[in-house]
Every structure is written in C-alpha cells, then in structure tokens.
Amino acid sequence: MLYFVLKFFHLIGAAVLLGTGAGIAFFMLLAHRSGDARVIAGVTRIVVIADYLFTASAVLVQPITGAWMAHIAGYPLFSGWIGWSIILYLVTGAFWLPVVWMQTQMRDMAGHAVRGNAPLPARYHRLFWTWFAFGFPAFGAVVTIFWLMITKPG
C-alpha cells in the first residue's frame, strides 16, 4: 500500500512539474508578446508565486517519493532508466533555478517600468529571450523523464 501512495504523490508531482512549466511558459510568452509592461508585471508576479508554490513543492516531492519507491521495488538508483531520470532531473534543475531568478528580475523590471511610466528596459528583453531558451532543454528533459517512467526501458 505504501508503494501505491508514494506512486500517487510521485505522479501528481510529475504532473504539477509538467503542467506548471507549460502553463508558466504559455502565460509568460503571451504577456511578453503584449508588450504592455502592466500585463507583464501582473503575469510575472503571479508566475513567480506559482513557481515557488507549485513547482518548488513538486521539486521537493519528486526525489523523495522516487527514491523511496525505487528502494521498495529493489531498483538501483543510479543505473538504467532511473539513473537517466535522475540525470535529466538534475539537468532540469540546472535550467529551472536560473529561470526562477530571471522571472523575479523580469517581474521587478516590469513593476519598476509601470511605477515610473517608462518602457521596459533592454535588459528585460535580453532576460526574456534567455528565459525562453532555457525552457526548451528543461521541458525536453521533463518529457523524456515521463517517457522513461512510463516505458522503464531495459
């Protein structure tokens, strides 16, 4: 029974990571495309909260439930599909941590632009495109982890 409870929370965490990541990317892209500092300030404020609340929670749950399930099932952690999943999880984290920092910076710049009735600075635009680029390897790694979890290749 413990294994299935862990699996339930592990799957919920995986869905939260994928869903929150896709949702954040969608809303950030649409806000950026609007070019409106007020829209960008509002969306980035919510995105930063969502990343800290949902993504960070799932980031903590995943390795705990995954390692515990592997232990119960007798799978070695650092070989085969589990080893590759761990590597890809670390890759995702290596891209996600800077993304959270970038989102916070973009939020602050957009808020400053709104309060000063000024345009978004050039630094905002550079950060946005870096943030956008960082999403591709992170999202690809998460999708590959899903594939590994589902197929459990030999």
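None of these values were measured; they are calculated from a predicted model.
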> Would you call Met109 and Thr44 a side-chain contact if the rule is heavy atoms closer than 4.5 Å?
Replying inline: no
>> So Val100 and Val48, do their side chains get closer than 4.5 Å, heavy atoms only?
In response: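 They are not in side-chain contact.
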If you count heavy atoms of other groups shown closer than 6.0 angstrom to [atom1] of [X], is the number above 12?
| X | atom1 | value |
| --- | --- | --- |
| His125 | NE2 | yes |
| Phe136 | CZ | no |
| Phe95 | CZ | yes |
| Phe54 | CZ | no |
| Phe139 | CZ | no |

For [X] versus [Y], what's the shortest heavy-atom pair and its separation?
| X | Y | answer |
| --- | --- | --- |
| Ala73 | Tyr3 | CB-CE1, 4.2 Å |
| Ala70 | Leu77 | CB-CD2, 3.7 Å |
| Gln62 | Ala14 | OE1-N, 3.4 Å |
| Ala113 | Ala37 | CB-CB, 4.1 Å |
| Ala138 | Thr92 | O-OG1, 3.7 Å |
| Ala25 | Trp131 | CA-CH2, 3.7 Å |

When you measure from the side chain of [X] to the backbone of [Y], do you find a donor-acceptor pair of N or O atoms at a distance under 3.5 Å?
| X | Y | answer |
| --- | --- | --- |
| Thr20 | Leu17 | no |
| Thr55 | Tyr52 | no |
| Tyr89 | Trp84 | no |
| Arg107 | Gln103 | no |

Supply the atom-to-atom distance [X] [atom1] to [Y] [atom2], rounded to the nearest 0.5 angstrom.
| X | Y | atom1 | atom2 | answer |
| --- | --- | --- | --- | --- |
| Arg45 | Asp108 | CZ | CG | 12.5 Å |
| Phe146 | Ser85 | CZ | OG | 11.0 Å |
| Asp51 | Ser57 | CG | OG | 10.5 Å |
| Asn117 | Arg38 | CG | CZ | 8.5 Å |
| Thr151 | Met149 | OG1 | CE | 10.0 Å |
| Met106 | Trp101 | CE | CH2 | 9.5 Å |

Check for me, please, whether [X] and [Y] land in the same ILVMFWY cluster - side-chain distances under 4.5 Å, paths through other members count.
| X | Y | result |
| --- | --- | --- |
| Phe8 | Ile64 | no |
| Leu97 | Ile87 | yes |
| Val59 | Leu148 | yes |
| Val47 | Leu53 | no |
| Leu11 | Val16 | no |

> Should Tyr75 and Met69 be marked as a side-chain contact (heavy atoms from CB on, under 4.5 Å) after you check the CA-CA gap, both sets of side-chain angles, and the distance that decides it?
Replying inline: CA-CA 8 Å; Tyr75 287 124; Met69 284 190 304; over 6 Å; no
> Looking at Leu120, Leu29, Ile40, which one forms a side chain to side chain contact (heavy atoms under 4.5 Å, CB included) with Phe128?
Replying inline: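 Filter result, single survivor: Leu29.
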> Which one of Leu18, Leu88, Ile86 satisfies the side chain to side chain contact (heavy atoms under 4.5 Å, CB included) criterion with Ile145?
Replying inline: Leu88
> For His32, which of Tyr124, Phe132, Phe26 qualifies under ring-ring contact (aromatic ring centres under 6.0 Å, His included)?
Replying inline: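 Result for ring-ring contact (aromatic ring centres under 6.0 Å, His included) with His32: Tyr124.
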>> For Phe134 and Met102: C-alpha separation, side-chain torsions, deciding distance, then whether side-chain contact (heavy atoms from CB on, under 4.5 Å) applies.
In response: CA-CA 10 Å; Phe134 273 40; Met102 287 183 244; 3.7 Å; yes
